[in-house]
Amino acid sequence: MTTSTLSVIVPVYNEQLLVQASLSRIRVLGQSSLLQRIKVIVVDDASKDQTPVMIECFRESVRAEEWCGKFEWKFLRHEHNQGKGAALRT
């Protein structure tokens with residue numbers, strides 16, 4: 001059986017009510033025997049609500065997983081809103 005890696009880009013803007021649940025759902029990918037490594041890149045496009053706080057809470061919850069699991073989490077933030085395309089390019 002061949003295993004592979006997967007990168008997931010998650011652009012976020014003013015998603016304080018959904019961001020933690022959405023990121024948690026990505027964890028199901030860790031159950032796949034076909035995936036050896038999963039890199040998740042979360043780009044906050046200068047949210048003006050509590051999204052950065054929610055992302056930080058999630059980040060703290062997965063900090064330990066980075067050392068022992070399949071996942072690598074990367075969290076980025078734009079200083080100014082640039083749109084979804086820019087978030088994906090980042």
message = Membership question, hydrophobic clusters at under 4.5 Å side-chain separation (ILVMFWY): are Phe58 and Tyr13 in the same one?
response = no
query = Is there a side-chain contact between Ile55 and Phe75, using heavy atoms and a 4.5 Å cut-off?
reply = yes
query = Atom CE of Met54 and atom CD of Gln16: how far apart are they, to the nearest 0.5 Å?
reply = 7.0 Å
message = Tell me the closest heavy-atom pair linking Arg63 and Glu60, and the distance in Å.
response = NH2-OE2, 2.9 Å
key: Joint hydrophobic cluster, Val10 plus Val53, side-chain heavy atoms closer than 4.5 Å   = yes
key: Heavy-atom side-chain contact between Val62 and Leu23 under 4.5 Å   = no
key: Common cluster, Val12/Val8, ILVMFWY with side-chain heavy-atom separation under 4.5 Å   = yes
remark   = Correct closest heavy-atom pair for Ala46 and Asn81 would be CB-N, 3.4 Å
ask   = Atom CD in Gln36, atom CG in Leu6: separation rounded to 0.5 Å?
value = 12.5 Å
ask   = Looking at NZ of Lys70 and CD of Gln31, how far apart are the two atoms once the value is rounded to the nearest 0.5 Å?
value = 9.0 Å
Nearest-0.5 Å distance that lies between atom CG in Asp45 and atom OG in Ser47 = 7.5 Å
message = Any heavy-atom pair between the side chains of Val40 and Leu29 that's under 4.5 Å?
response = no
ask   = Picking from Asp44, Ile41, Val42, what satisfies side-chain contact (heavy atoms from CB on, under 4.5 Å) with Leu76?
value = Ile41
Inter-residue atom distance Arg37.CZ - Glu72.CD, 0.5 Å rounding = 5.5 Å
key: Where His78 and Thr90 come nearest, the two heavy atoms and their spacing   = NE2-OG1, 2.6 Å
ask   = If you round to the nearest 0.5 Å, how far is CZ of Arg27 from CZ of Phe71?
value = 8.0 Å
message = Is any side-chain heavy atom of Ser22 closer than 4.5 Å to one of Glu15?
response = no
